[in-house]
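Okay, structure first, notes after.
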Amino acid sequence: MASLIPSLTLSLLILLLNFRLIQSLQCSSQKFSGNRYYQHCTDLPHLSAYLHWNYNPAESSINIAFLAPPARPDGWVAWGINPNGSGMIGAQALIAHKEANGSMAVRTFKLVSYKKVEEGEIAYKVSKVEAEYKNSVVTMFATVRLPKETVVLNQVWQVGSSVVDGMPVMHELRAANLNSKGKLDLPQGQSSSNSGENSNLQRKRIHGLLNAISWGILFPVGAIIARYLRSLRFADPFWFYLHVICQFSSYVIGVTGWAIGLDLGAKSKGIEYTLHRIIGIVLFCLATLQMFAFFLRPSKDHKYRVYWNVYHHGIGYAIIVLGIINVFKGLEMLHPAKAWKLGYVLFLSGLGAITLCLETITWALVLKKKFRKSKKPYNGFDRSEKQQPLAS
């Protein structure tokens, strides 16, 4: 056993080294037309993109070859520099796409916002611009003149699905698209992703996980507890405390995730998930009203109890429906591994099957109880028996 651990460690190191070697070979083995050669290359962390470049400090310029598969065959790819920040907005970009006649075109754009780009001259002088399309990959070549003594660039890259009337249509807002940015150290030949963006992605995942646990799991489970356990005599009043604990925990976790979502929205200018945000706000408002229901709960024999039941049950079911919808909306935006969505679908399926069984059992018990009541003796006699005349 003792000798097994060093062997496993050595095997793991060999696998890691081989993985790094494969990555390096994949980048350095790429060949270009016209016998173009580039001193540096990097496998960019998102969108299956690569960047090759030569840095000329005397002229303060770089020759680049950018490779990426467009989202669709008639889509576009882009590479650019942001002179004032690390994000997409404000970037000066080169965008390559197919023309109507099948030839490739490269044009320059300014990224005003996530939904608006302006074609025209950019802040950098660009020459020797060319693009090729081969094996479903676009390769874009260019020489870019930089401000003097520039050694580090804030680079961005992107892919899109279509071009309409010569204008690139907005790309998807998946995690890979939103995080396709980083710093490029020209003389050192190194590219790094933005650590702040990685932190932001981590917070998005925390936001999604908290809200999935809250509105998507705990709240439906709490509702099932209240509906089916309270009909069991041995579960009273245990079911009530369990229901309150489950729903209150759901509220605390959900509000925490909601607050993280608000902060993410405030720090993500230009990125809008309107429906997801609206549903989140409605969920918070309804859940807060539901918490007040605990303090406003009248006694069982109170004349207003029936109205309270309508209020409590109606809001509860609305939260369950909206919560599940918003969980799926969040999964669409984060694009996690398929296992996450499949797992949640299986959970809902199991919960639905349990609910159906319990509902069937509950109605069977209710009908059985009503049947027994209908068979009770009337004035001390069974209705099926004839009343005997009084003795004389």
Side-chain angles (χ1 to χ4, degrees), residues 12-56 61-73 75-82 86-88 91 93-97 104 106 130-144 146 150-161 171-202 335-337:
L12 181 60
L13 287 173
I14 292 173
L15 285 173
L16 289 172
L17 287 172
N18 286 338
F19 177 72
R20 296 297 298 176
L21 180 60
I22 290 171
Q23 280 191 313
S24 176
L25 288 173
Q26 189 175 14
C27 179
S28 62
S29 63
Q30 291 170 342
K31 306 297 181 182
F32 304 100
S33 61
N35 294 322
R36 294 181 177 94
Y37 170 78
Y38 298 91
Q39 183 179 3
H40 306 293
C41 69
T42 180
D43 180 355
L44 297 174
H46 303 289
L47 304 177
S48 302
Y50 298 86
L51 181 71
H52 299 249
W53 75 95
N54 291 324
Y55 174 56
N56 187 337
S61 65
I62 55 171
N63 300 321
I64 68 154
F66 172 75
L67 297 82
R72 291 182 182 177
W76 53 268
V77 305
W79 180 85
I81 304 169
N82 194 327
S86 60
M88 293 282 181
L94 300 168
I95 298 181
H97 64 89
M104 296 297 299
V106 180
E130 188 181 343
E132 299 174 350
Y133 185 83
K134 185 178 181 181
N135 297 328
S136 301
V137 174
V138 173
T139 303
M140 181 166 53
F141 305 99
T143 298
V144 182
L146 304 171
T150 299
V151 293
V152 177
L153 297 178
N154 294 317
Q155 68 166 339
V156 298
W157 63 96
Q158 195 57 255
V159 300
S161 60
H171 59 78
E172 294 183 9
L173 294 177
R174 302 171 66 174
N177 298 87
L178 297 177
N179 291 310
S180 55
K181 60 195 77 173
K183 292 188 178 296
L184 184 67
D185 190 320
L186 299 175
Q188 295 296 324
Q190 296 177 349
S191 174
S192 62
S193 60
N194 192 305
S195 60
E197 295 297 329
N198 292 335
S199 174
N200 203 41
L201 179 60
Q202 186 66 22
H335 293 278

Measure across [X] and [Y] and return the closest heavy-atom pair with its distance rounded to 0.1 Å.
{"X": "Ile81", "Y": "Val144", "result": "CD1-CG1, 4.2 Å"}
{"X": "Gly75", "Y": "His97", "result": "O-CB, 3.7 Å"}
{"X": "Val138", "Y": "Pro70", "result": "CG2-CD, 3.9 Å"}
{"X": "Pro69", "Y": "Val77", "result": "C-CG1, 4.2 Å"}

- Task: Applying salt bridge (Lys or Arg N to Asp or Glu O under 4.0 Å), name anything that partners Arg72, two or more places apart in sequence or on another chain.
- Result: none
- Message: Can you list everything that forms a salt bridge (Lys or Arg N to Asp or Glu O under 4.0 Å) with Glu132? Sequence neighbours excluded, please.
- Response: none
Can you tell me how far apart [atom1] ([X]) and [atom2] ([Y]) are? Round to the nearest 0.5 Å.
{"X": "Met88", "Y": "His171", "atom1": "CE", "atom2": "NE2", "answer": "5.0 Å"}
{"X": "Glu130", "Y": "Ser33", "atom1": "CD", "atom2": "OG", "answer": "6.0 Å"}
{"X": "Thr42", "Y": "His52", "atom1": "OG1", "atom2": "NE2", "answer": "9.0 Å"}
{"X": "Leu186", "Y": "Gln39", "atom1": "CG", "atom2": "CD", "answer": "11.5 Å"}
{"X": "Cys41", "Y": "Asn54", "atom1": "SG", "atom2": "CG", "answer": "11.0 Å"}
{"X": "Leu47", "Y": "Asn179", "atom1": "CG", "atom2": "CG", "answer": "9.5 Å"}

- Message: List the residues meeting side chain to side chain donor-acceptor pair (under 3.5 Å) with Trp76, not counting sequence neighbours, and say none if there are none.
- Response: none
- Taking side chain to side chain donor-acceptor pair (under 3.5 Å) as the test, write out the residues that go with Asn177, two or more places apart. Gln158
- Message: Angle between ring planes, Phe141 versus Tyr38, binned at 30° and 60°: parallel, tilted or perpendicular?
- Response: parallel
- Item | ring pair (Phe, Tyr, Trp, His ring centres under 6.0 Å) partners of Tyr55, counting only residues at least two apart | none
- Message: Between Lys183 and Asn154, does the side-chain contact (heavy atoms from CB on, under 4.5 Å) criterion hold? Intermediate values first, please.
- Response: CA-CA 5 Å; Lys183 292 188 178 296; Asn154 294 317; 2.8 Å; yes
- Message: Among Leu44, Ile62, Asp43, which residue satisfies the side chain to side chain contact (heavy atoms under 4.5 Å, CB included) criterion with Leu51?
- Response: Leu44
- Item | Any donor-acceptor N/O pair, Trp157 side chain to His46 backbone, under 3.5 Å | yes
- Report yes or no: does Asn63 contribute a side-chain atom to a donor-acceptor pair with the main-chain N or O of Thr143 at less than 3.5 Å? no
- Those residues that, when tested against Ala131, pass side-chain contact (heavy atoms from CB on, under 4.5 Å) (two or more places apart): Ala96, Met104, Val106
- Note on the structure: Residue set satisfying side-chain contact (heavy atoms from CB on, under 4.5 Å) with Tyr37, at least two apart, ordered chain then number -> none
- Please lay out, stage by stage, how Leu94 and Phe66 fare under the test side-chain contact (heavy atoms from CB on, under 4.5 Å). CA-CA 10 Å; Leu94 300 168; Phe66 172 75; over 6 Å; no
